[in-house]
Amino acid sequence: MHNTNEIEVTFPDKSQRSYPSGITGLEIAQGISPGLAKKAMFVLVNDQQWDLTRAIEEDAKVEIITRDHKLALEIIRHDTAHILAEAVKELYPETQVTIGPAIENGFYYDFYREKPFTPEDFPIIEKRMAEIVDRDENLTRHVWSHDKAIDYFESIGETFKAELIRDLPGSEEISIYQQGDFIDLCRGPHLPSTKKVGKSFKLMKLAGAYWRGDSTKPQLQRIYGTAWRDDKELKNHLKCLEEAEKRDHRKLGQQMDLFHFQEEAPGSVFWHPRGWSLYLNFQKFIREKISKNGYSEINTPQLLDRKLWEKSGHWEKYHENMFVTQTEDERVFALKPMNCPCHVEMFKKGIKSYRDLPLRLAEFGCCHRYEPSGALHGLMRVRAMVQDDAHIFCTPEQIKSETARFCTLLFDVYKDLGFHDVKIKFADRPEKRAGSDATWDQAEQALKGAIDSLDLDYDLNEADGAFYGPKLEFYIRDAIGRSWQCGTLQLDFVLPERLGAKYIDQNGDQKIPVMLHRAILGSLERFIGVFLEHNAGHIPLWLSPLQVVVAPITKNLNNYAQIVVEKLRKSGIECDHDLSNEKINYKIREHSNKKIPYIFVLGPREEKNKQVSVRKLGQQSSETLDLDLAIDKLVDEIKTKGKI
RNA sequence: GCCGCCGUGGCUCAGUGGUAGAGCGCACCCUUGGUAAGGGUGAGGUCGAGAGUUCAAUUCUCUCCGGCGGCACCA
């Protein structure tokens, strides 16, 4: 065994070595190899992140983390945030620092300063940051008492930092990092010196942010940056951003001539012919799915008397988000923000028996919500939208089977649409809620039981349910890794009661039905936005508003083009011809930019042999096929939704 | 809603304290051309709205509207 001045270190490969107590991670690395010491960034000591220079005094599991490790990026970003703060303090000493964490792809730092930063400040700040890196300042860790830390930050006028420390448990020791003259509260760890951080960073954008994310608290200025191991990674990331920008559905919407917005209708879409056709294709697709699944489609009014909204609780809970109108007779109406009250009214029409349940009412109802102006964002967040909405009225016993049924439908729909990565979150009872604990127990169990019986994984989204019931949230992952909540299933015990919905059970007693609010796509507007970005505008043939453009090479082929178009249309294919006075190169470019799935090029050879030259979007080469065969292939692709 | 930035022909953008320019698109003409921009000519803008400063405002200031990036919000 070893004496008290020695400690036993266990490495990831399970090998063990003795070291004098108080040895640092850096020294251990040096002992292994100088190369390792050079690449080392920090150490994991018993799975905790430690500075390389921190003394290890007891037996421990030790792993040296090098620049290649995925955890290293986080440290680089965190350190870069500190370097940003140091640079800002040097350049603008009146600024107060607050917090600056590493985030996905980079970091940010929130500052408090009267004068706003502008993007013109970026080069100046970046230059100073580079200087700080060159200075090779050591980052040293100090441990201060709670009071000392508060006194220090108060004394230098850093009131936000002082407030942070004040909120930390008083018994806890406060770790402080110093680099040059800059001293900051930080949990760490950090790299040993600023030089090790490197200069593969870039300040990206400026934004407002509230102190502690609270809109009643002071507004801070947030500087976002990105930071990487080396310039190659940085460049790569900037390129990815460009790619994502190209996918922006607002840009695609314009390029593809799908929709536009204008000042007079903020947050409401003007759908162009092709965009609307796409929209209707989605609607048709969902309509077919739900009609096969036992839903009845209905339609209910847009504008309803204030009294209904008072009864439903929306007037109280949702008033700020509602568009309200008044007619000359002074009656107050509101545009519906949701369909549910109307669906309950529909349910109430006539006496319902338990035999009528479950009753599934679906509606593509246009809902208006007065969303905060700052929240509007293309199709993703609008003020007028249509959901693939439905409400299922059922008995408590039917919750489980209805949930299972819905999940099956939802996965089926997502699969058809090319979303294969779906995550589920289960949001349980929130603090503020209606209904008894017994009811909640029942509801949560029913939902949980249903997911479990379907053998689905889900995460808990604690206390995030609706006030009337627990909900399932369905997140789809898109082609560039982003996650979107689209589908939802919510249990509601409140609204049917408030609006007086009843059914007669087996014993002839009046009962209040349970209501399931559910949507798969969520809002069609938003889903189309997500879908466009997911596919980078390459809409699958079966959903594409315009499926084929027939492009003859010369005027002499116009007649044949006409024949081809007619044949395509007879087979149910959406197509158009391009008889414009342009060369074929131009036509190809034009329709490729518009993301038309197929271009049929016609020349004298094709005409002679009753063929077409098929060019598929995204492919450089083309294939000459007999016209009938080409049509069969497309029809087949449409029928199978592109899945052979 | 909050912070910062932006708002010029259909689109992308340049520009100026003395009422504007390019490319693409559009119209017409020439060209009839095999897989991502052939050539020429022409039309088209009260420079987001209102107020102020000024002899003079698209340009400077303010207010409003809209957009962008975040924050907050997302029942």
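First the proteins, then the strands, lettered A, B, ... as listed; each starts at 1.
Checked by distance alone, A:R615 brings a side-chain donor or acceptor within 3.5 Å of a matching partner on the base of B:rA36.
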Table of protein N/O atoms under 3.5 Å from nucleotides 22-30 of chain B N/O atoms:
{"unit_1": "B:rG25", "atom_1": "OP1", "unit_2": "A:Y586", "atom_2": "OH", "d": "2.7"}
{"unit_1": "B:rC30", "atom_1": "N4", "unit_2": "A:N581", "atom_2": "ND2", "d": "3.2"}

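Here A:E473 pairs with A:K471 under the salt bridge (Lys or Arg N to Asp or Glu O under 4.0 Å) rule; sequence neighbours left out. In terms of the side-chain contact (heavy atoms from CB on, under 4.5 Å) criterion, residue partners of A:I588 (sequence neighbours excluded) are, by chain and number, A:I584, A:S592, A:I599, A:V601, A:R615. A:D464 meets the salt bridge (Lys or Arg N to Asp or Glu O under 4.0 Å) test with no other residue; sequence neighbours excluded. For A:F600, the ring pair (Phe, Tyr, Trp, His ring centres under 6.0 Å) criterion is met by no residue, not counting sequence neighbours. Scanning for ring pair (Phe, Tyr, Trp, His ring centres under 6.0 Å) contacts around A:H78 gives A:H82, A:H190, with sequence neighbours left out. For A:F160, the ring pair (Phe, Tyr, Trp, His ring centres under 6.0 Å) partners two or more places apart in sequence, or in a different chain, are A:Y112, A:W211.
Residue-level contact check: A:M204 touches neither bases nor backbone, having no heavy atom under 4.0 Å from any strand. The residue A:P266 sits close only to the backbone: its heavy atoms come under 4.0 Å of sugar-phosphate atoms, none of a base. Looking at heavy-atom distances under 4.0 Å, A:N321 makes no contact with the nucleic acid at all. At a threshold of 4.0 angstrom between heavy atoms, the contacts of A:H377 are confined to the sugar-phosphate backbone, with no base atom among them. A:S215 comes within 4.0 angstrom of the backbone, heavy atoms only, and of no base. Counting non-hydrogen atoms under 4.0 angstrom, A:N593 reaches a base of the nucleic acid. Within the nucleic acid shown, A:F261 has no heavy atom closer than 4.0 Å to any nucleic acid atom. At the heavy-atom level, A:Q490 lies nowhere under 4.0 Å from the strands shown.
A centroid separation of less than 6.0 Å is found between the aromatic rings of A:F282 and A:F531. Ring centroids of A:F419 and A:F474 are separated by 6.0 Å or more, keeping the two rings apart.
For the atom pair CG (A:L379) and CD1 (A:I528), the distance works out to 7.0 Å, reported to the nearest 0.5 Å.
Crowding of A:E345 atom CD: a count of heavy atoms from other residues, nucleotides or ligands under 6.0 Å exceeding 12.
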Under the 3.5 Å Watson-Crick or G-U criterion, the dot-bracket string of RNA chain B, with | for inter-strand pairs | (((((((..((((....[..)))).(((((.......))))).....(((((..]....))))))))))))....
Which donor-acceptor pairs under 3.5 Å do the side chains of residues 314-325 of chain A make with protein atoms, sequence neighbours left out?
{"unit_1": "A:H314", "atom_1": "ND1", "unit_2": "A:S312", "atom_2": "OG", "d": "2.6"}
{"unit_1": "A:T325", "atom_1": "OG1", "unit_2": "A:F333", "atom_2": "O", "d": "3.4"}

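Between the side chains of A:Y475 and A:R477, not a single donor N or O lies within less than 3.5 Å of an accepting N or O. Judged purely by distance below 3.5 Å, without hydrogens or angles, the side chains of A:S544 and A:E574 never pair a donor atom with an acceptor atom.
Considering only side-chain N and O atoms, A:K205 lies under 4.0 angstrom from the phosphate OP1 or OP2 of B:rG70. Side-chain nitrogen and oxygen atoms of A:R381 include none within less than 4.0 Å of the OP1 or OP2 phosphate oxygen of B:rC73.
Nearest nucleotide to the side chain of A:Y224, out of B:rG67, B:rG34, B:rC71: B:rC71. Closest to the side chain of A:R589, from the set B:rG34, B:rA37, B:rU35, is B:rA37.
For residues 481-494 of chain A, every residue pair satisfying the side-chain hydrogen bond (donor to acceptor under 3.5 Å, both in side chains) rule, not counting sequence neighbours, is listed here: A:Y468-A:Q490, A:D478-A:R482, A:D478-A:W484, A:R482-A:E533, A:T488-A:Q490, A:D492-A:H517.
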Would you give a per-nucleotide map of nucleotides 2-12 of chain B, 5' to 3', where B means the base has a protein non-hydrogen atom under 4.0 Å away, S means only the sugar-phosphate does, and - means neither?
-> BBS--B---SS
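Projected onto RNA chain B by closest heavy-atom contact, A:P337 and A:R250 fall at different nucleotides, the more 5' of which corresponds to A:R250.
The separation between A:D464 atom CG and B:rC73 atom P is 11 Å, rounded to whole Å.
The minimum heavy-atom distance between A:R113 and A:T95, with the atom names listed, is CD-OG1, 3.5 Å.
Contacts with RNA chain B (heavy atom under 4.0 Å) in residues 515-529 of chain A: none are found.
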